[in-house]
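What follows is a set of notes on a single structure, which appears directly below.
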2 protein chains.
Amino acid sequence: MKDITAAVLVIGDEILSGRTKDKNIGYIAECFSNIGVYCKEVRIVPDQEEKIIGALNELRNEYTYVMTTGGIGPTHDDITADCVAKAFGVGISENNDAINMLLERIPLEDLNESRRRMARIPHGATLIENNVSKAPGFQIENVFVMAGVPAVMQAMLDVVITRIDKGQKLFTCNISTNIKEGDIADILRDIQKNNPSVMIGSYPYYTDEGYGANIVCRAKKLDELKNIASMIESSLSVIGNVEVGDFE
Amino acid sequence: MKDITAAVLVIGDEILSGRTKDKNIGYIAECFSNIGVYCKEVRIVPDQEEKIIGALNELRNEYTYVMTTGGIGPTHDDITADCVAKAFGVGISENNDAINMLLERIPLEDLNESRRRMARIPHGATLIENNVSKAPGFQIENVFVMAGVPAVMQAMLDVVITRIDKGQKLFTCNISTNIKEGDIADILRDIQKNNPSVMIGSYPYYTDEGYGANIVCRAKKLDELKNIASMIESSLSVIGNVEVGDFE
């Protein structure tokens, strides 16, 4: 089975200035891991047309799916929809279904020019509804355009997930240790070398109680994962405390 | 004065799988904003040689500085230093100063092969010390290679900041409102159009108490910023509550 891959494109000056801390990348990444879609790259770009179009065209040609967040509101700095249309070389205009979605929340007399902009959708795109703000995102080919506000993005992602292909979820096991990373690196390197189908990652931590490393193993086959976890447990338990977590 | 720009390159499967939530991007972005360095792009790539080298070469040619985080520990999945050497087309070998830094924390008898790998530094690079783990990062030309563990990264960034050019910090003012974004977008668009030297961003929020928008204005000149803030305040206070924050 071919791997299903994805990239996330975060659009917004406020993330790059540090004023707003992104909460969407980790959420999408974790959600995709759970359905066997491998997030392979993330980019954060400013609200600038050439940057958005350039990144979008690179990513959509390279990965199965691209998720964008941010820049689809009613204000002048929301230019994502226009950039997506340009990236695909299609037109963009007000979409009746999108207007009707907005009217579920906004009284007709409040549907001013700015709000109508949120209903401008690239030609050929399919809407992505959401129950929080009602203003829709949209899908065009393999690109899913979502809001930046986390609650709205999450509502849209629930819809997106029903529309994309799922892959084979990796089985994962976390092995926590109180051993310094430098004391286990040689052992892990050998185990990794002899077992290339299991991915072994090592993540050091520093806390007030001391420091150590967590080892995360991921594999497509559960029996291979269990085998490696037991190998790591027996190799490391002579050096320090080792706790093998659940196989998820 | 020419703008000083930067990009951040985050290296690590654990961020892309969602297991670890990145804490470095926002920290670096905020820190750079405060010294007038504009963070213009962020990329997150997996622990794969061709991805790291490709992203690094693109970013270092485009921006004044590139900050990398992650992948410089002692384990097999730490391949950043080798990738940086390849990206620059230089050799890499054990660096005596780096070994001495490691020995400040690690007894000589514990300096095994894996730990020595942390002292492998691309030729022509300058070390970046840190007081948390002692294992150094390094600078080569306009690229600064730092650890992924936030406490260690932050210690390294303190050093990096003493070495880079500072730009002109933008003065910033946050204007909070309880007005829906769609009700202020037309006004903001006009003010923005007539005042291109001030950057006006609008960020909607949704809370249990209701929703509204915060407006963030940034400018190189304080008097221009004050002028715009007062213009926005008087335009919006007829619609709802408006609170102009400090000029920072």
Side-chain angles (χ1 to χ4, degrees), chain A residues 10 13-22 25-33 38-47 51 73-77 106 110 112-115 117-118 132-133 149 151-152 172 181-186 188-189 192-193 199-206 216 218, chain B residues 10 13-22 25-33 38-47 51 73-77 106 110 112-115 117-118 132-133 149 151-152 172 181-186 188-189 192-193 199-206 216 218:
Chain A
V10 176
D13 289 341
E14 73 278 19
I15 305 290
L16 291 168
S17 75
R19 181 189 170 273
T20 303
K21 304 293 183 288
D22 172 82
I25 297 169
Y27 186 93
I28 296 171
E30 198 166 353
C31 183
F32 278 6
S33 283
Y38 302 147
C39 183
K40 301 285 274 182
E41 185 168 345
V42 174
R43 296 198 194 180
I44 309 177
V45 297
D47 300 307
K51 287 284 174 195
T75 49
H76 60 276
D77 53 345
I106 302 163
D110 286 349
N112 58 20
E113 192 192 337
S114 292
R115 290 205 170 91
R117 279 189 75 232
M118 291 194 287
V132 179
S133 75
V149 175
V152 183
T172 302
E181 219 185 11
D183 285 328
I184 57 180
D186 293 356
L188 290 183
R189 178 175 295 119
Q192 176 71 83
K193 201 188 239 172
M199 280 157 275
I200 305 173
S202 166
Y203 307 107
Y205 63 80
Y206 301 78
V216 179
R218 295 183 296 159
Chain B
V10 176
D13 290 340
E14 73 278 20
I15 305 289
L16 290 169
S17 75
R19 182 189 168 274
T20 303
K21 304 293 182 290
D22 171 84
I25 296 170
Y27 187 93
I28 296 172
E30 199 167 351
C31 183
F32 278 6
S33 283
Y38 302 146
C39 183
K40 301 284 275 183
E41 186 168 346
V42 174
R43 296 197 194 181
I44 310 177
V45 297
D47 300 307
K51 287 283 174 197
T75 49
H76 60 277
D77 54 345
I106 302 162
D110 286 349
N112 58 18
E113 190 191 337
S114 292
R115 290 204 169 91
R117 278 188 77 231
M118 291 193 286
V132 178
S133 74
V149 175
V152 183
T172 303
E181 220 185 10
D183 286 329
I184 57 179
D186 294 354
L188 290 183
R189 176 175 296 120
Q192 176 70 85
K193 200 188 242 173
M199 280 157 276
I200 305 173
S202 167
Y203 307 108
Y205 63 80
Y206 301 77
V216 178
R218 295 183 294 160

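In what follows, every chain begins at residue 1, and chains take the letters A, B, ... in the order their sequences are listed.
Looking only at heavy-atom pairs under 4.5 Å with chain B, the residue among A:K51, A:K193, A:M118 that has the most is A:K51. When each of B:V152, B:D47, B:I15, B:D77 is scored by its heavy-atom pairs under 4.5 Å with chain A, the top score falls to B:D77. Among A:P204, A:G18, A:A151, the residue making the largest number of heavy-atom pairs under 4.5 Å with chain B is A:G18. In terms of heavy-atom pairs under 4.5 angstrom with chain A, the leader among B:D22, B:D183, B:L188, B:V132 is B:D183. Per-residue heavy-atom pair counts under 4.5 Å with chain B were compared for A:I200, A:T172, A:I106, A:V10, and the maximum is reached by A:I200. Interface check for chain A: of the options B:C39, B:G73, B:S133, the most heavy-atom pairs under 4.5 Å are formed by B:C39.
A:Y27 approaches B:K21 most closely through the heavy-atom pair N-CE, 4.5 Å. A:G182 approaches B:N112 most closely through the heavy-atom pair O-ND2, 2.7 Å. Smallest separation of non-hydrogen atoms from A:S33 and B:S17: OG-O, 2.7 Å.
In this structure, B:I44 and A:I25 have side chains that are in contact, with non-hydrogen atoms separated by less than 4.5 Å. Proximity of B:Y206 to A:V149: side-chain heavy atoms (C-beta onward) are separated by under 4.5 Å at one or more points. Side-chain contact between B:L16 and A:Y38: absent, with no pair of heavy atoms (C-beta onward) separated by less than 4.5 Å.
With a 4.5 Å cut-off on non-hydrogen atoms, A:Y205 does not touch chain B at all. Looking at B:Q192, the atoms closer than 4.5 Å to chain A (heavy atoms on both sides) all sit in the side chain, from C-beta outward.
The pair A:R19-B:E30 does not meet the salt-bridge criterion, since no charged nitrogen lies less than 4.0 angstrom from a carboxylate oxygen. Ionic pairing of B:R115 and A:E181 is not present here: no N-O contact between side-chain nitrogen and carboxylate oxygen is shorter than 4.0 angstrom.
Considering only residues two or more places apart in sequence or on other chains, B:R189 meets the side chain to side chain contact (heavy atoms under 4.5 Å, CB included) condition with A:H76, A:S114, A:R117, B:D186. In this view, B:E41 and B:R43, B:Y63 satisfy the side-chain hydrogen bond (donor to acceptor under 3.5 Å, both in side chains) rule, not counting sequence neighbours.
Expressed to the nearest 0.5 Å, how far CD1 of A:I184 lies from OG1 of B:T75 amounts to 7.5 Å.
In this structure a side-chain-to-backbone donor-acceptor pair under 3.5 Å is missing from A:D13 to B:G201.
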